[in-house]
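Down below is the structure, laid out as structure tokens.
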Amino acid sequence: MKVAKEWRLGSMGDTKILPGSRHRSPLKRPIWIILMVSFVSLFLVCAYIYPPNSDVACYVFSSRGCKVLTDWLPPPKRELTDEEIISRVVVRDILDTPPVESKNPKIAFMFLTPGSLPFEKLWDMFFRGNEGRFSVYIHASKEKPVHVSPYFLNREIHSSPVTWGAFSMVDAERRLLAYALKDPDNQHFVLLSDSCIPLHNFDYVYNYLMHANMSFIDCFVDPGPHGNGRYSTRMLPEVEEKDFRKGAQWFTMRRQHALLVMADSLYYSRFRDYCRPFADGKNCIADEHYLPTFFNLVDPGGIANWSVTRVDWSERKWHPKSYRAQDVTKIAFSLNLWNGHMKLEVIFNGNFGQYSFSC
């Protein structure tokens with residue numbers, strides 16, 4: 001008869017016997033819990049992909065109906081409307097089309113004014129010596145302007161009355177863009193008012209805008225009553241509140257983006273119909289919301305989200321602060337010898353480093 005041998009370590013004096021191997025019983029896993037979790041997960045996925053089409057199917061699982069499911073499940077992606085599909089195709093094709101290179105690229109300066117321009121002499125000095133590098137367009141909504149500069153003569157476009165805060169302001173902006181786009185050499189478009197002035201000389205502004213591969217459109221979220229408080233659910237489904245944006249009216253825009261604005265009818269119609277002063281009890285100002293929201297939806301990466309036009313709203317009034325004579329420290333003139341014309345720079349109290357204009 002064979003006897004099991006024991007392993008002994010060390011000397012005979014401190015002999016230790018190693019225990020034999022133990023046989024553990026197999027682990028009892030709660031298989032029913034795993035099956036239940038799998039079933040519930042599968043059910044939720046199916047309910048999300050194939051939502052119930054009748055109330056009977058909902059009440060099989062809960063007396064509260066589909067409300068329980070909608071509370072737990074993320075909202076399903078909605079089907080795009082025909083207008084949205086058309087809009088996205090047009091936007092994609094415009095953005096994917098390489099811009100036509102001009103041998104003589106120009107900046108279009110578009111003035112939105114009720115009548116004459118009080119700073120026309122200042123703009124004359126700004127433009128002087130840079131002929132062929134800019135275009136001027138004037139939308140005079142109330143009276144025909146009286147000009148003192150040859151750069152502004154016969155530059156008025158067909159104009160219509162404009163009411164502050166009304167959608168007619170957006171129409172006037174689009175009208176200016178349409179006339180400026182007729183010139184294929186215009187590659188950047190600047191919207192200005194009768195109270196705007198340049199803060200730097202022409203070369204600085206021209207190089208800054210022409211070498212920037214973006215449009216300078218102010219765009220931000222304002223959760224207050226003068227921001228998202230103006231949103232109307234009647235803009236659904238194309239414009240949701242999470243996409244609603246606000247921004248200053250004054251923009252500079254590259255040619256591709258100007259074409260997008262001209263091609264848009266979907267979002268234009270939503271703001272025309274539902275973003276008006278005192279509509280639905282809300283004071284929605286379309287020129288502060290249409291373009292910021294539009295570009296946030298169609299090309300958010302193509303805009304800077306800020307404007308190069310300085311506007312001071314620190315007084316918290318309906319209109320920005322007006323600059324007086326005491327706000328100007330000096331007007332500097334210097335002779336530019338290499339092209340033989342005068343350079344102009346207006347310097348105000350304050351830091352305006354990122355701005356090219358002030359209104």
Side-chain angles (χ1 to χ4, degrees), residues 75 77-97 110 112 137 139 141 157-182 189 191 215 217-222 226-251 253-303 305:
K77 292 184 178 180
R78 65 177 179 85
E79 185 177 355
L80 297 179
T81 64
D82 291 343
E83 290 178 298
E84 285 179 296
I85 295 174
I86 295 171
S87 175
R88 294 192 180 193
V89 169
V90 172
V91 168
R92 182 198 62 197
D93 284 355
I94 291 177
L95 292 178
D96 289 347
T97 302
M110 308 179 302
L112 186 58
Y137 302 88
H139 185 290
S141 59
I157 68 170
H158 170 71
S159 304
S160 296
V162 174
T163 303
W164 179 86
F167 198 79
S168 57
M169 190 74 74
V170 174
D171 286 332
E173 295 173 4
R174 287 165 56 98
R175 194 174 296 116
L176 280 165
L177 283 172
Y179 273 84
L181 281 167
K182 292 168 66 176
F189 304 80
L191 181 66
S215 296
I217 299 172
D218 199 20
C219 180
F220 59 91
V221 177
D222 182 355
H226 301 300
N228 279 29
R230 297 171 173 175
Y231 171 78
S232 172
T233 54
R234 299 172 73 181
M235 293 184 180
L236 290 170
E238 292 83 6
V239 181
E240 301 180 36
E241 185 174 358
K242 65 180 180 65
D243 299 315
F244 196 67
R245 294 294 185 271
K246 184 179 180 180
Q249 175 185 9
W250 313 111
F251 61 77
M253 188 181 297
R254 60 193 183 98
R255 189 175 182 90
Q256 277 183 314
H257 282 163
L259 291 171
L260 283 182
V261 175
M262 290 294 95
D264 175 49
S265 61
L266 171 61
Y267 302 103
Y268 169 86
S269 63
R270 296 300 179 269
F271 279 86
R272 179 198 60 203
D273 296 339
Y274 306 122
C275 183
R276 303 188 304 271
F278 310 111
D280 299 328
K282 301 177 181 181
N283 193 29
C284 188
I285 310 299
D287 60 80
E288 295 181 357
H289 295 284
Y290 166 57
L291 287 182
T293 303
F294 173 65
F295 282 103
N296 176 61
L297 287 167
V298 302
D299 191 22
I303 62 174
N305 293 326

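What you see is a predicted model, and the numbers here were worked out from it, not measured in a lab.
The minimum heavy-atom distance between Phe295 and Met253, with the atom names listed, is CE1-CE, 4.1 Å. Contact record, Ser168 with Thr163: OG-N, 3.0 Å, taken as the closest heavy-atom pair. The two residues Asp264 and Leu266 have their closest heavy-atom pair at OD1-N, 3.3 Å. Of all heavy-atom pairs between Phe167 and Ala286, the closest is CD1-CB, 3.4 Å. Ala263 approaches Val90 most closely through the heavy-atom pair CB-CG1, 3.8 Å. Scanning both residues, Ser160 and Ser141, for their nearest heavy atoms gives O-CB, 3.5 Å.
Looking only at side-chain heavy atoms (C-beta outward), Arg174 and Tyr290 come within less than 4.5 Å of each other. Taking the side chain as every heavy atom from C-beta outward, Tyr231 and Asp243 never approach each other to under 4.5 Å. Under the 4.5 Å side-chain criterion, counting only non-hydrogen atoms from C-beta, Asp299 is not in contact with Val91. At least one side-chain heavy atom of Leu260 sits less than 4.5 Å from a side-chain heavy atom of Leu95. Counting only heavy atoms from C-beta outward, the side chains of Glu173 and Val261 never approach each other to under 4.5 Å.
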Please report the C-alpha distance between Arg175 and Asp171 in whole Å, then the side-chain angles of each, then the deciding distance to 0.1 Å, and finally whether the side-chain contact (heavy atoms from CB on, under 4.5 Å) criterion is met. CA-CA 6 Å; Arg175 194 174 296 116; Asp171 286 332; 4.2 Å; yes
Can you list the steps and then say if Leu177 with Phe189 is a side-chain contact (heavy atoms from CB on, under 4.5 Å)? CA-CA 7 Å; Leu177 283 172; Phe189 304 80; 3.9 Å; yes
May I have the step-by-step check of side-chain contact (heavy atoms from CB on, under 4.5 Å) for Val170 and Phe271, ending in yes or no? CA-CA 10 Å; Val170 174; Phe271 279 86; over 6 Å; no
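For the atom pair CZ of Phe244 and SG of Cys284, the computed distance is 4.5 Å after rounding to the nearest 0.5 Å. Atoms OH and OG1, from Tyr274 and Thr233 in turn, are 10.0 Å apart once rounded to the nearest 0.5 Å. The CG atom of Leu291 sits 11.0 Å away from the NE2 atom of His257 when rounded to the nearest 0.5 Å. Interatomic distance, CG of Asn228 versus CG of Asp222, reported as 7.0 Å (0.5 Å rounding).
Exactly one residue among Glu238, Glu240, Glu84 makes a salt bridge (Lys or Arg N to Asp or Glu O under 4.0 Å) with Arg270. That residue is Glu238.
No side-chain donor-acceptor contact under 3.5 Å links Lys246 to the backbone of Pro292. A donor-acceptor distance shorter than 3.5 angstrom exists from the side chain of Arg255 to the backbone of Leu181, with no hydrogens or angles considered. Put simply, the side chain of Ser215 gets close to the backbone of Arg254: a donor and an acceptor are under 3.5 Å apart. Proximity of a side-chain donor or acceptor of Gln256 to a complementary backbone N or O of Thr97 within less than 3.5 Å is detected. In terms of modelled atom types and a separation under 3.5 Å, the side chain of Tyr267 and the main chain of Val239 share no donor-acceptor contact. With Ser269 contributing its side chain and Ser265 its backbone, the two residues share a donor-acceptor pair below 3.5 Å. Looking only at distances, a side-chain donor or acceptor of Arg245 sits under 3.5 Å from a matching main-chain atom of Lys242. For the pair Ser232 (side chain) and Met235 (backbone), a donor-acceptor distance under 3.5 Å is absent.
Counting non-hydrogen atoms of other residues, nucleotides and ligands closer than 6.0 Å to CG of Asp93 gives a total above 12.
The salt bridge (charged side-chain N to carboxylate O under 4.0 Å, His left out) check on Arg88 picks up nothing, with sequence neighbours excluded. Among residues two or more places apart in sequence or in another chain, the ring-ring contact (aromatic ring centres under 6.0 Å, His included) test is passed with Phe251 by none.
A ring-centre distance under 6.0 Å is not found for Tyr179 and Tyr137.
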